[in-house]
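Heads up: the structure comes next, in structure tokens.
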Amino acid sequence: MENQVKQAYEAAKSLYAQHGIDTDEVLKKLAEIKVSVHCWQGDDVKGFLNKDGELTGGISVTGQYPGAATTPAELRADLEQAFSMIPGKHKVNLHAIYADTDEQVELDRIEPKHYENWVKWAKEQGLGLDFNPTCFSHEKSSDGFTLSHPDPEIRKFWIDHCKASRRIGAYFGEQLGQTCVTNVWVPDGFKDNPIDRMTPRKRLKDSLDEVFAEKLDPKYHLDAVESKLFGLGSEAYVVGSHEFYMGYGLQNDTLICLDAGHFHPTEVISNKLSSLALFTSGILLHVSRPMRWDSDHVVIMDDELLEIARELVRHDLLPTTHIGLDFFDGSINRVAAWVVGTRNTIKALLRAMLEPVDALKSAELAKDYTLRLALTEEFKSYPFGAIWDYYCAQQQVPVREQWIAEIKTYEQEVLLQRDKSFV
Ligand code: RNT
Ligand code: ZN
């Protein structure tokens, strides 16, 4: 390790120690936190099952940056590159359309064997896996409905797809010896004001009951449901709203997924965690960055990211929270996007862990709001960067911006070669 990094760490360590914060301990705890890195940043949510199909379901990726992965092998290489720059051991979050198979398999027929290569790779890399049924970008979702579709045949197709997805999730969990979260998100909704808001919700509820009927070992597999407020083409009404899934998740003991971009523009998920946690056994997060809408920009170190991290740390929610990422930007180097978003998420957790939580809670309880404010503000300029740099060095990943040059080399040597082979 560079001397400078070490020296800066020692100096910072003694400053934090004055507040009873043991930075060595903090780094040990930080190394235990897994972030579920979403595979779909690597290829603009295209996947490999329906290559030529367009992205539908009210989500959208913009940008034409060269070098998107076009095969499972390329996507894995890009993920490996990203993970070599991200401290800690993490998980990869797969969508069903990322099956690695030559078979022309339909979504309602997917099986564990279609994802064997991912499992093999995850084992080699020491990674966990999470899973998602892909209820979009498909002819059977082209009118905007899946699990709540009025046509029982189409509904059945999606129910079967979600059932099959859960079995794949359970297979991931068993194979890798760690819990896999399978998260159900469906785009169902209306562009314009519906007359009947309730019947589609009733159908979605019934479909989910069928999907979750098979009991799976929670040691290896957990279900999650993800709500949203609106999408492109479902501006007026989304069947799976927050209230819908809040009710469903509480009644059926599935994890409730909070996506940072799925609420009203001034509404934040950080303020929901302490409520939800009182009534659930766990929460799934989709850490994202909405800009004016559910735009899924790359996660940056902004106030909301920090606030999410603080809530998790202050209320000891880390053991029961599954932290997933959900952003997709095709206008910049996609591997760099992963690195920026994931490093920021981990860094935000570190910053939160380096706060004098007990002292701040005591000040609050003693009605010393002056101390609460003053100490909070002073801590914003405490040298967390030195702790972060040391952590990166300790975890043998690039310190500070060193990784940018490595990414540029990877871009030249790997990403840009891909597009050439097309010409
Ligand atoms: C869509 C949801 C969902 C997707 C992924 C691809 O609004 O956020 O999580 O982004 O499943
Ligand atoms: Zn999401």
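Start at 1 and go down the list; that is how both ligands and their atoms are numbered.
Under a 4.0 Å criterion applied to the non-hydrogen atoms of His262, ligand 1 contributes the atoms 1 (C), 2 (C), 7 (O), 8 (O). The ligand atoms of ligand 1 that sit less than 4.0 angstrom from a heavy atom of His95 are 5 (C), 6 (C), 11 (O). Close approach of ligand 1 to Ile59 (heavy-atom distance below 4.0 Å) involves ligand atoms 1 (C), 7 (O). Listed by atom number, the atoms of ligand 1 under 4.0 Å from Phe328 heavy atoms are 10 (O). Against a heavy-atom cut-off of under 4.0 Å, His286 is close to the following atoms of ligand 1: 9 (O). Numbered from 1 in the order shown, with element, the atoms of ligand 1 that lie under 4.0 Å from a heavy atom of Asp259 read 8 (O).
Protein heavy atom closest to atom 9 (O) of ligand 1, with residue, atom name and distance, is Glu226 OE1, 2.8 Å. Closest protein heavy atom to atom 7 (O) of ligand 1: Lys228 NZ, 2.7 Å.
Side-chain contact, Glu80 with Trp121: a donor N or O sits under 3.5 Å from an acceptor N or O. A donor-acceptor contact closer than 3.5 angstrom links the side chains of Asn132 and Asn93. No hydrogens or angles considered: nothing links the side chains of Tyr65 and Asp44 as a donor-acceptor pair under 3.5 Å.
The Zn ion (ligand 2) sits nearest to atom OE2 when only the N, O or S atoms of Glu226 are considered. The minimum distance between the Zn ion (ligand 2) and any N, O or S atom of Asp259 involves atom OD2. Nearest N/O/S atom of Asp326 with respect to the Zn ion (ligand 2) is recorded as OD2. The Zn ion (ligand 2) lies closest to atom ND1 when only the N/O/S atoms of His286 are considered.
Not a single heavy atom of His38 lies less than 4.0 angstrom from ligand 1. Distances shorter than 4.0 angstrom occur between a heavy atom of Asp326 and an atom of ligand 1.
Aromatic pair His95/Trp185: ring centres not closer than 6.0 Å. Taking the six-membered ring wherever Trp is involved, the centroid distance between the rings of Tyr115 and Tyr171 does not fall below 6.0 Å. A distance of 6.0 Å or more separates the ring centres of Phe172 and His221.
In this structure, Ile387 and Val26 have side chains that are not in contact, with every pair of non-hydrogen atoms separated by 4.5 Å or more.
Asp223 and Arg166 are joined by a salt bridge, as a carboxylate oxygen and a charged side-chain nitrogen come within less than 4.0 angstrom of each other. We find that Arg76 and Asp100 are joined by a salt bridge, their nearest charged nitrogen and carboxylate oxygen being less than 4.0 Å apart.
Residue contacts with ligand 1 for Asp294 involve side-chain atoms from C-beta outward but no N, CA, C or O (heavy atoms, distance under 4.0 Å).
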Show your working on ring-ring contact (aromatic ring centres under 6.0 Å, His included) between His19 and Phe379 and close with a plain yes or no. CA-CA 11 Å; His19 288 271; Phe379 256 78; 4.9 Å; yes
